[in-house]
Amino acid sequence: MTTTLMIQGCTSDAGKSTLVAGLCRVLVRRGVKVAPFKPQNMALNSAVTADGGEIGRAQALQAQAANIAPTVHMNPVLLKPNSDTGAQVILQGQSIGNLNALDYQAYKPKAAQAVFDSFQMLSNDYPLILVEGAGSPAEINLREGDIANMGFAEAVDCPVILIADIDKGGVFAHIVGTLACLSASERNRIKGFVINRFRGDVALLQDGLDWLERETGKPVLGVLPYLHGLHLDAEDAVGSFEYNHEAHEGHEALKVIAPLFPHISNHTDLDPLIQHPQVDFQWVKHNEPIPPADLVILPGSKSVMADLDWLKNHTSHQAWWPYLHKHCRYGGKLIGICGGLQMLGTLINDPNRIESDQTQIPGLGLMDYTTTFYPQKQLINRQGLLQLPGLVTPAKIRGYEIHQGQTHFSHYAPAIHWQNGDTDGAVSDDNQIFATYCHGLFDQPQALQALLNWAGLVKPQNFDLNQQREQQLERLADCLESHVKMEQLLRLLQPLK
């Protein structure tokens with residue numbers, strides 16, 4: 001018999017993904033076999049599963065926290081926005097095409113069937129499933145046919161914990177207001193609250209916690225402190241952080257920048273650089289002045305043609321196109337990953353109008369190759385060897401590909417040789433530009449060191465992102481053990497006893 005517990009949030013980014021990941025690790029340390037599940041996810045950070053499908057990156061992280069391999073059934077519906085009103089719909093790991101918001105509402109019954117089929121598949125294999133909601137259950141306009149929050153919880157008859165972010169302010173109003181928007185049965189389903197990202201002495205919060213419990217008749221199960229420096233794969237939004245340029249003063253550091261595309265995807269590719277002690281990294285936002293850099297990275301994009309147009313759109317503060325040409329001309333290094341690779345070429349063809357009504361658009365012209373979009377998406381995990389000019393011994397590399405574009409690399413020799421015989425990537429004739437379809441490019445220590453050395457860092461330190469993830473998951477689990485009433489929470493899972 002499978003026990004299910006659902007985590008819902010008062011808002012987006014309240015901490016649902018983090019709480020599920022932390023609970024997965026807590027339970028696994030207690031010897032419980034557990035799986036994460038998110039019925040419907042809207043995110044542009046994704047991962048490729050061993051069974052050849054695409055799921056949200058947060059669910060892949062939660063699977064790692066649970067010490068299991070991710071599958072498509074952990075996130076049966078993934079919506080990847082490609083405009084303000086539409087998204088690519090990924091159903092059980094595979095794209096079924098682009099739908100606008102109204103068309104998706106009509107498609108919801110099919111999506112719901114996939115959700116419950118996948119939930120049943122997980123239930124067959126795991127005695128406990130931790131479910132993550134999406135956004136907020138108080139979205140009145142989305143109640144009909146809901147499969148992301150209370151609609152799912154009611155259908156499978158599971159208890160719910162509500163998490164709220166005190167760092168945003170108004171935490172008690174968030175909780176009480178959310179309850180007020182729910183039906184009586186939905187309110188009864190909520191068994192307690194977790195307050196996230198609290199700064200200071202929790203004793204100062206006690207009067208508010210007492211009031212909340214009296215007002216709602218429900219317990220506060222925990223108050224989680226603001227965990228400074230907690231680096232875990234983001235579900236979607238680029239995390240806000242202060243650039244500590246001063247920390248690198250007087251030390252050898254590689255200055256790395258990347259444009260924050262309007263439709264950026266898989267920005268977690270750059271997490272190893274953000275966390276590396278010898279890298280001074282900065283996202284360059286819209287209309288921010290572009291600083292000088294040793295290395296510029298063009299990351300992935302869900303709407304390559306639109307983001308390429310944004311890159312070419314000169315303003316008084318930002319002129320990326322001439323900046324990139326000048327950067328390479330004066331010895332700077334440039335890396336294009338997936339969508340960024342496609343932008344670097346001479347031409348992008350879209351004969352099937354997959355991305356827009358334009359069937360062809362010029363690229364940046366920094367590399368001599370063309371890309372064509374096809375309906376079939378490439379989804380594959382990879383491992384192999386990276387060979388860069390000047391690299392004596394090829395570096396081990398591991399990653400994954402998610403793209404609909406196929407690129408013909410012209411005269412360039414491949415930079416990556418995969419184990420199955422496939423090749424990828426190219427280095428420009430002047431050795432200033434490296435382009436690849438490989439997401440997770442910097443995750444492997446050997447590849448990271450090789451790329452940083454190629455970019456100009458003389459003695460790159462060893463940095464292992466996976467080891468770092470494990471340390472952060474353990475830190476998160478320790479935090480939950482200390483700040484959540486775990487025994488009270490575990491009583492919600494009584495059928496496990």
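Predicted, not measured: the structure shown is a model, and the values here were computed from it.
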Lys285 backbone acceptor or donor facing Gln318 side chain under 3.5 Å: yes
Test ring-ring contact (aromatic ring centres under 6.0 Å, His included) applied to His174 - qualifying residues, sequence neighbours left out: none
Beyond-backbone contact of Leu448 with Pro460, side-chain heavy atoms, under 4.5 angstrom: no
No-hydrogen, no-angle side-chain donor-acceptor test under 3.5 Å, Gln59 and Gln62: yes
N-O pairing of Arg469 and Asp271 below 4.0 Å: no
Separation between CG of Leu344 and CG of Leu334, rounded to the nearest 0.5 Å: 5.0 Å
Test side chain to side chain contact (heavy atoms under 4.5 Å, CB included) applied to Lys33 and Leu128, step by step: CA-CA 7 Å; Lys33 189 180 179 184; Leu128 173 60; over 6 Å; no
Test ring-ring contact (aromatic ring centres under 6.0 Å, His included) applied to His403 - qualifying residues, sequence neighbours left out: Tyr437
Side chain to side chain contact (heavy atoms under 4.5 Å, CB included) evaluation trace for Asn349 with Tyr374: CA-CA 9 Å; Asn349 299 305; Tyr374 295 99; over 6 Å; no
Main-chain N/O of Arg57 paired with Asp233 side-chain donor or acceptor, under 3.5 Å: no
Step-by-step side chain to side chain contact (heavy atoms under 4.5 Å, CB included) determination, Gln449 to Phe442: CA-CA 8 Å; Gln449 284 185 302; Phe442 304 107; over 6 Å; no
Crowding at NZ, Lys168 (>12 non-hydrogen neighbours, <6.0 Å): yes
Residue pair Leu227 / Cys479, side-chain heavy-atom distance below 4.5 Å: yes
Short side-chain to backbone donor-acceptor contact, Asp269 and His439, under 3.5 Å: no
Side chains of Val20 and Leu23 in contact at under 4.5 Å (non-hydrogen atoms): no
Under 3.5 Å donor-acceptor, Asp165 side chain and Asp167 backbone: yes
Donor-acceptor pair between Asn466 and Gln64 side chains, under 3.5 angstrom: yes
Backbone of Gly52 reached by a side-chain donor or acceptor of Gln94 within 3.5 Å: yes
Asp443 versus Tyr400, side-chain donor and acceptor atoms under 3.5 Å: no
Phe373: partners by ring-ring contact (aromatic ring centres under 6.0 Å, His included), with sequence neighbours left out: none
By ring-ring contact (aromatic ring centres under 6.0 Å, His included) - contacts of Phe198 (at least two apart): none
His286 vs Trp310, side-chain hydrogen bond (donor to acceptor under 3.5 Å, both in side chains): CA-CA, chis, key distance, verdict: CA-CA 9 Å; His286 181 62; Trp310 175 86; 3.1 Å; yes
Ser17 and Glu132, any side-chain heavy atoms less than 4.5 Å apart: yes
N/O donor-acceptor pair under 3.5 Å between Thr49 side chain and Thr71 backbone: no
Heavy-atom side-chain proximity of Leu441 to Phe434 below 4.5 angstrom: yes
Euclidean distance, Met343 CE relative to Ile361 CD1, rounded to 0.5 Å: 9.5 Å
Nearest-0.5 Å distance, NE2 of residue His483 to CG of residue Leu224: 7.5 Å
Evaluation steps, side chain to side chain contact (heavy atoms under 4.5 Å, CB included), between Leu205 and Val223: CA-CA 9 Å; Leu205 192 63; Val223 177; 4.1 Å; yes
Flag for Thr407-Gln342: side-chain donor and acceptor within less than 3.5 Å: no
Asp350 side-chain N/O to Glu355 backbone N/O, donor-acceptor pair under 3.5 Å: yes
Full working for side-chain hydrogen bond (donor to acceptor under 3.5 Å, both in side chains) between His417 and Asp422: CA-CA 6 Å; His417 294 265; Asp422 291 345; over 6 Å; no
Parallel, tilted or perpendicular: ring planes of Tyr323 versus Trp320, cut at 30 and 60 degrees: perpendicular
Donor-acceptor side-chain pairing of Lys255 and Gln282 below 3.5 angstrom: yes
Point-to-point distance, once rounded to the nearest 0.5 Å, from CH2 of Trp418 to CD1 of Ile416: 4.5 Å
OG1-CD1 distance between Thr18 and Ile7, expressed to the nearest 0.5 angstrom: 11.5 Å
Value rounded to 0.5 Å, distance of OG1 in Thr371 from CE in Met305: 11.0 Å
Heavy-atom closest contact (Ala47 atom, Ala60 atom, distance): CB-CB, 3.8 Å
Residue pairs passing the side chain to side chain donor-acceptor pair (under 3.5 Å) test where at least one lies in residues 452-462, sequence neighbours excluded: Asn431-Trp454
Test item: Val89 and Leu79 side chains (from C-beta on) under 4.5 Å apart, heavy atoms: yes
Parallel, tilted or perpendicular, as decided by the 30° and 60° cut-offs, for the rings of Trp321 and His325: tilted
Pair listing, side chain to side chain donor-acceptor pair (under 3.5 Å) test, anchored in residues 76-88, at least two apart: Ser46-Lys80, Glu54-Lys80, Asn82-Asn98, Gln88-Ser95, Gln88-Lys377, Gln88-Gln404
Mutual orientation of the aromatic rings belonging to Tyr369 and Tyr412 [parallel < 30°, tilted 30-60°, perpendicular > 60°]: perpendicular
His408 side chain vs Ser410 backbone, donor-acceptor pair below 3.5 Å: no
Side-chain touch Val296/His327, heavy atoms, less than 4.5 angstrom: yes
Distance-minimising heavy-atom pair for Leu221 and Val194: CB-CG2, 4.3 Å
Check: Gln444 side chain, Lys396 main-chain N or O, donor-acceptor pair, under 3.5 Å: no
Short side-chain to backbone donor-acceptor contact, Gln419 and Arg382, under 3.5 Å: no
Residues Arg25 and Glu481 bridged, charged N to O under 4.0 Å: no
Under 3.5 Å side-chain donor-acceptor pair for Asn45 and His267: yes
pair Leu270-Ile337: side-chain heavy atoms closer than 4.5 Å: yes
